[in-house]
Number of protein chains: 2
Amino acid sequence: MKKPATIRDVAREAGVSVAVVSRVLNEGTGPVAPDTRAKVVEVIERLAYHPRAAARELQQRTRSTIGLLLADLANPFFARLADRVVWEARARGVHVVLLTTQEDQHLEAESIDTLIERSVASVIATPAGDNLEKWKRLTDLGVNVVFVDREIDELEGIDVVTIRNDASAETAANHLIGLGHTRIGFISGPATTSTGRDRVAGFRRAMEAAGLAVDDELIHHIPFRGDAGGDAIGVLLSEPQPPSAIIVGNTAQVRSALRRIKQSEIRVPEDLSLVVFDDNPWTELVSPPLTVIRQPIDMLAVHSVELAVGRAKGLLPEQRRRVEVDAEFVRRSSSAAAAQRTPTP
Amino acid sequence: MKKPATIRDVAREAGVSVAVVSRVLNEGTGPVAPDTRAKVVEVIERLAYHPRAAARELQQRTRSTIGLLLADLANPFFARLADRVVWEARARGVHVVLLTTQEDQHLEAESIDTLIERSVASVIATPAGDNLEKWKRLTDLGVNVVFVDREIDELEGIDVVTIRNDASAETAANHLIGLGHTRIGFISGPATTSTGRDRVAGFRRAMEAAGLAVDDELIHHIPFRGDAGGDAIGVLLSEPQPPSAIIVGNTAQVRSALRRIKQSEIRVPEDLSLVVFDDNPWTELVSPPLTVIRQPIDMLAVHSVELAVGRAKGLLPEQRRRVEVDAEFVRRSSSAAAAQRTPTP
DNA sequence: GGCATCAGTGGTAACGGTTACACTTTTGTA
DNA sequence: TACAAAAGTGTAACCGTTACCACTGATGCC
């Protein structure tokens with residue numbers, strides 16, 4: 001456990017000054033004679049010298065790291081997003097500090113503080129609650145913030161990357177309407193999140209455009225964590241006039257919703273058509289394979305990293321960006337024509 | 001975008017020296033009069049002062065951060081592991097830098113360099129290839145390394161946390177043997193990984209103990225990434241004497257294996273019994289619900305963080321630890337008694 | 001009353017890099 | 001040949017924090 005070599009050790013060993021070593025380290029910051037460079041490189045190699053990130057960050061007041069603040073890694077949607085973000089970031093020579101909020105406002109606030117202390121150049125986040133001042137403080141400090149998947153309307157100066165939530169929900173609804181369904185249930189995320197609201201808005205728009213009434217009883221806003229999906233299904237199915245189709249617009253609740261349906265007598269799609277928001281590989285493995293709105297996670301990752309890194313390097317125009325990507329509608333077997341059944345007495 | 005306040009700003013504003021502010025910041029490093037403390041705290045609050053992590057790290061030669069080096073976040077097993085690790089780490093006031101290797105040796109080597117530069121106190125990792133000297137260099141530098149899920153035998157001075165892979169495979173095999181299966185296929189991870197080898201070893205042991213021949217043709221070592229699971233299934237099923245049961249001991253390949261089976265005419269469990277290594281929530285949602293070896297991810301996370309943080313604080317005895325946790329066998333409907341069918345002509 | 005102890009505070013040298021600037025030496029050009 | 005420009009190198013200040021040490025009074029104890 002010998003203490004690691006410093007830049008001065010290298011300089012002494014190579015018979016040059018620290019400035020020269022530093023210039024070798026940071027290509028392009030000044031001229032170095034080829035011979036000298038070779039010599040220095042050799043010594044660096046021999047001493048297994050690694051410049052310490054902390055010292056570098058202290059001097060330059062920013063660092064080549066982006067913070068990734070996600071709601072919940074146990075949710076495959078976020079897990080895959082994280083995977084892609086880490087990947088894309090690395091392709092650009094940038095590292096990622098990962099923090100999770102577990103959808104908790106306090107943890108989110110704490111995490112933002114951490115990111116401030118870490119003086120990251122940019123932050124990619126899925127905001128959970130409102131923590132308005134915290135986010136504002138972060139941006140005031142010059143940290144570039146990119147919201148992905150969700151957003152907070154009240155905040156300015158923040159880039160946003162999302163899927164077209166309203167349009168996606170509209171597509172899903174139109175699909176079911178086209179199949180003859182008139183009573184359609186919708187399970188969404190919390191009304192405090194933009195995704196939770198936007199999807200419902202798109203759903204409403206489709207229904208209204210088709211001249212169908214929207215029964216508020218059939219719209220459920222439930223949290224992303226926990227197992228509220230099953231309960232929501234239970235409530236919907238025990239309505240006096242239960243829906244003949246349900247859209248689960250809350251990615252995290254698909255599993256628990258599905259489990260509840262399996263436990264019941266309800267057959268899919270004969271008794272109930274189902275469309276879910278998800279990008280899980282297993283949606284095609286269950287019976288019947290699910291009709292899904294597939295979120296283009298890769299695109300979300302690419303764009304958010306692009307923005308985060310671009311801003312950090314000052315390559316982008318001042319004007320904040322809003323990137324919306326289309327989700328893909330994948331029809332499988334969980335949605336079918338509405339039964340022509342006579343109304344139950 | 002005003003530049004953030006420093007400890008000197010706080011000191012000046014509060015009318016004290018920087019030493020006092022530092023002592024307020026780091027409880028227990030020296031006496032501070034109650035009045036003075038209150039005053040300083042007030043100023044810190046007012047200036048929204050956050051000590052810069054970089055400066056702190058430079059001074060103390062370590063930091064309160066652990067590196068988490070995982071193979072593949074898109075794999076739900078690792079994703080959940082990451083989630084738990086981040087969670088457990090935070091509970092101990094420690095942050096996590098996440099890196100992924102995508103099962104690639106070169107990326108792993110790069111990542112280890114990064115961790116050195118970042119001067120993390122500890123690293124929790126799922127080693128991919130051998131990168132022996134890299135790992136050695138890391139430990140030589142005094143970084144505490146904890147391998148989780150997998151291990152590298154040749155390396156000393158590294159803590160290990162795994163499930164009892166051999167025993168789990170043995171359990172799975174015994175379950176199938178007990179159901180009357182005699183030709184059992186096994187799909188494992190790469191032979192270069194300890195999990196890949198250990199599971200096969202346990203399988204062999206069970207077979208031999210039951211006096212059953214182990215046909216090497218029925219044992220497949222395949223990578224964790226990609227879709228080799230489907231191909232392996234294909235090969236197994238087109239054997240002259242196909243197995244009546246298959247254990248998929250490669251978590252990452254369960255999905256692709258399952259998809260292949262769905263595409264075929266084979267019925268589960270009538271024609272083929274299936275036991276898979278996995279801890280995915282969806283294994284109970286497919287038809288039939290899968291018999292699984294459930295890996296106790298929480299335990300893996302708790303123990304590895306415990307070790308990583310404990311070592312960093314010097315709380316643990318020098319002696320390296322090896323923690324093995326039991327996996328849980330969960331019987332569902334994908335495994336059934338072997339058919340008493342007459343051999344096909 | 002003298003002296004050791006200690007709470008409370010301030011000054012300042014590290015920590016390990018980067019970088020502005022000064023200083024040689026080489027090269028290019030009139 | 002002379003002189004300007006450019007290439008190559010070294011010195012030292014700085015980034016923001018902690019830790020060590022020195023200093024001042026107040027308190028305790030014989």
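In this text, all values refer to a predicted model and were calculated from it rather than measured experimentally. Letters A, B, ... mirror the listed sequences (proteins, then strands); counts begin at 1.
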Hey, which of Arg90(B), Arg92(B), Arg84(B) is the one that makes side chain to side chain donor-acceptor pair (under 3.5 Å) with Glu88(B)? Arg92(B)

dG17(C) base to Arg8(A) side chain: any donor-acceptor pair below 3.5 Å? yes

Any salt bridge between Arg225(A) and Asp104(A), counting N to O under 4.0 Å? no

With side-chain contact (heavy atoms from CB on, under 4.5 Å) as the test, pick out the partner of Leu81(B) among Ile124(B), Leu68(B), Asn75(B), Val148(B). Val148(B)

dT17(D) C1' sits how many Å from Gln59(B) CD, rounded? 6 Å

Regarding Pro31(B), tell me which of base, sugar-phosphate or nothing describes its non-hydrogen contacts under 4.0 Å with the strands shown. base

Between dG17(C) (C1') and Arg118(B) (CZ): distance, integer Å: 14 Å

Check ion pair Arg118(A)-Glu57(B) (N to O, under 4.0 angstrom): yes

Cationic N near anionic O, under 4.0 Å, Asp159(B) to Arg320(B): yes

Classify Val18(A) by what it touches in the nucleic acid, base, sugar-phosphate, or nothing, heavy-atom distance under 4.0 Å. base

Ala33(A) near the nucleic acid: base, sugar-phosphate alone, or nothing, with a heavy-atom cut-off under 4.0 Å? sugar-phosphate

Send over the distance from Glu27(B) CD to dG8(C) P, rounded to a whole Å. 13 Å

If I take atom CZ in residue Arg23(B) and atom C1' in nucleotide dT12(C), what distance separates them, rounded to the nearest angstrom? 13 Å

Between dT17(D) (C1') and Glu117(A) (CD): distance, integer Å: 13 Å

Given dC15(D), dG8(D), dT9(C), the nucleotide with the shortest approach to the side chain of Thr36(B): dT9(C)

In whole angstrom, give the distance that lies between atom CD of Gln60(B) and atom C1' of dA19(D). 10 Å

How would you label the contact of Thr6(A) with the nucleic acid (heavy atoms, under 4.0 Å): base, sugar-phosphate, or nothing? sugar-phosphate

Find the distance Leu47(A):CG to dG16(C):C1' and express it as a whole number of Å. 15 Å

Gap between atoms CG and P, on Asn26(B) and dT18(D) respectively (whole Å): 4 Å

